[in-house]
Amino acid sequence: MEHPTRDRPRATLMILDGARPDVFDRLREAGDLPNIERHLLAGGPPCRAVTVFPSTTGVAYLPMLTGCFPGTCDIPGIRWLDVREFRGRWWRAGDGLRSYCGYQGGLLNEDVRPGILSLFDLVDDSVALCTPFHRGLAAGRVRVRGSRMVWGSIGHYTGHWRRLERAIGSELAAVARARPRLAFAVFPGVDCVTHRRDPFHPDVLRVYREFDGAIGRFAAAGGFEGDSLVIVASDHGAARVERHTDVALALEAAGVPTLRHPVVWRRAPRAAVMVSGNGSAQVYLRPGEPRGRRIAPDEIERGDVEGIPADLVQRLADLPGVALVAAREGEAVRVTSREGRASVAADGEGGIRYSPETADVLGLGGAATGSGRAWLQASIDGAYPDAPVQLLQLFRSRRAGDLVVAAGPGTDLRSDWEIPEHRAGHGSLTADHMRCVVAANRPLPSPIRTADIFPVILDHLGVPVPGSIDGTLPPASATMARSPADASA
Ligand SMILES: [Zn+2]
């Protein structure tokens with residue numbers, strides 16, 4: 001039976017871009033977020049939540065909007081190179097080179113793997129505010145165009161974000177009065193100001209408080225009334241940057257001519273570096289020679305890749321501030337740090353096996369096999385939350401690098417062309433970047449991945465959940481088998 005319009009289930013998803021869960025909690029415990037406390041958290045405290053790798057703006061919206069990880073969406077970062085297509089003709093948009101931080105931002109909509117359905121495809125009567133991804137929405141249903149700001153392209157102008165956030169808040173209240181089935185809104189201010197300050201700066205805290213005001217106006221407009229699910233989530237955390245380590249410059253210093261933004265032309269490059277969120281970088285070897293497969297680390301180590309030093313992987317892993325280098329080796333993902341190496345692989349029975357070879361690189365306490373959900377629970381409080389699942393998903397993208405470099409705490413991965421200098425960043429696998437806010441006016445499972453928000457919303461709206469997605473309606477608990485002996489027991 002059809003619900004009458006006023007009582008039918010509705011859902012609203014707001015992204016508080018770059019909000020750290022500890023800052024969010026501290027502010028609400030201090031009584032600084034009264035509207036959030038009263039309306040959004042009436043049903044309980046925020047969930048323990050993780051985003052995806054790379055933990056970067058725009059890319060990390062996709063799991064919430066499609067239920068699919070970036071690797072499944074074939075969007076491995078905000079910048080990428082497709083070795084199947086790239087022939088060095090960077091000026092041709094179709095030539096397999098992307099940076100969404102600029103005129104290519106809109107291409108995200110067509111770049112997401114065909115066949116992946118968004119909330120906008122699945123829920124009629126949807127509206128979205130300030131989103132760079134709107135596939136499935138009619139033009140008139142995308143409101144408050146500010147996605148260049150979201151990508152950080154024009155975020156340098158002080159004060160710009162505040163006008164934009166106010167416009168989004170006002171429009172969202174108007175949307176609440178119109179009661180569409182689904183509303184999606186991006187509030188980019190926390191991330192914009194964090195980059196130029198640090199996550200705990202008074203200017204950043206003010207943006208959280210202003211967002212609380214927007215929640216108050218949304219509530220006054222009836223946003224929480226009736227059968228309404230309201231979720232506030234961040235797409236990543238953020239951390240202060242103490243050190244810049246430029247991977248492209250390190251490659252040049254190792255004698256490898258390297259292509260990088262913003263000047264994506266280099267005579268006979270032997271590598272390309274594409275940075276995401278500044279905390280991670282995709283490294284492609286021998287770009288400009290189209291090939292249908294990735295170069296594996298053992299090929300590099302045998303010296304089989306012309307012009308690439310055999311010790312390249314270890315050399316990158318040893319760079320100051322680099323946490324680890326990941327690479328696909330057969331069906332496994334090998335992770336290398338300055339301490340040694342380990343691997344992550346599907347076990348063929350739906351589980352994931354983690355094997356430290358010469359070091360416990362991911363800090364997971366030794367070899368173990370478990371379901372993806374069990375790994376989430378086992379790793380969420382560790383140094384690299386959800387790393388086994390996140391490393392495997394990223395390399396599903398054929399546009400992911402031969403090598404993926406993840407920065408350690410306090411480090412970002414570019415230095416020589418960044419204006420203004422970033423004082424805080426995100427993008428890596430570290431806890432400060434991966435842990436994010438997920439809070440809702442209805443009880444949600446905890447811990448939760450941002451990809452689980454997609455089926456939670458569809459379930460609430462009574463819309464069938466597509467089968468082949470990464471997000472799930474999480475079970476109450478999952479168990480982990482420790483060590484090979486335990487796993488077989
Ligand atoms: Zn962001």
Side-chain angles (χ1 to χ4, degrees), residues 13-24 49-66 69-70 73 75-79 99-102 105 108 128-134 144 146-156 160-161 164-165 168 184-201 203-204 207-208 210-211 231-241 275-281 385 390 406-407 412-414 418 422-439 449-451 453:
L13 171 60
M14 301 177 213
I15 292 185
L16 187 56
D17 197 306
R20 274 180 67 116
D22 54 350
V23 174
F24 188 82
V50 294
T51 185
V52 290
F53 182 53
S55 50
T56 193
T57 302
V59 177
Y61 299 172
L62 296 173
M64 301 186 232
L65 294 173
T66 67
F69 292 138
C73 290
I75 306 292
I78 54 173
R79 301 183 184 86
S99 171
Y100 297 120
C101 305
L108 178 70
L129 282 57
C130 194
T131 180
F133 183 72
H134 43 73
V144 194
S147 54
R148 284 181 63 213
M149 184 90 170
V150 172
W151 291 120
S153 331
I154 55 168
H156 305 330
H160 208 120
W161 67 268
L164 179 61
E165 295 246 315
I168 297 163
F184 172 66
V186 175
F187 288 80
V190 170
D191 194 40
C192 289
V193 183
T194 296
H195 280 304
R196 280 179 287 126
R197 301 284 190 256
D198 80 60
F200 312 98
H201 192 281
D203 289 354
V204 177
V207 190
Y208 286 80
E210 292 190 6
F211 175 71
I231 299 177
V232 171
S234 62
D235 52 334
H236 51 75
R240 208 187 165 87
V241 171
V275 177
S276 271
N278 290 13
S280 64
Q390 295 304 321
D412 82 1
L413 298 180
R414 61 181 193 177
E418 188 176 78
H422 278 195
R423 302 215 173 90
H426 51 83
S428 189
L429 254 185
T430 50
D432 282 346
H433 298 184
M434 290 295 292
R435 293 292 296 269
C436 64
V437 173
V438 173
R449 293 189 180 96
T450 52
I453 289 173

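First listed ligand is number 1; within each ligand, the first listed atom is number 1.
Contact annotation: Thr56 places no N, O or S atom under 2.8 Å from the Zn ion (ligand 1). Distance check for His236 against the Zn ion (ligand 1): an N/O/S atom falls below 2.8 Å.
A distance-only check finds no donor-acceptor pair linking the side chain of Ser55 to the backbone of Met434 [under 3.5 Å].
Nearest N/O/S atom of Asp235 relative to the Zn ion (ligand 1): this is OD2. The minimum distance between the Zn ion (ligand 1) and any N, O or S atom of Asp17 involves atom OD1.
Asn278 and His195 are not linked by any side-chain donor-acceptor pair at a separation below 3.5 angstrom, with hydrogens and angles left out of the test. Counting only N and O atoms by type, the side chains of Thr56 and His236 include no donor and acceptor under 3.5 Å apart.
The six-membered or imidazole ring of Phe133 lies away from that of Tyr61, with a centre-to-centre distance of 6.0 Å or more.
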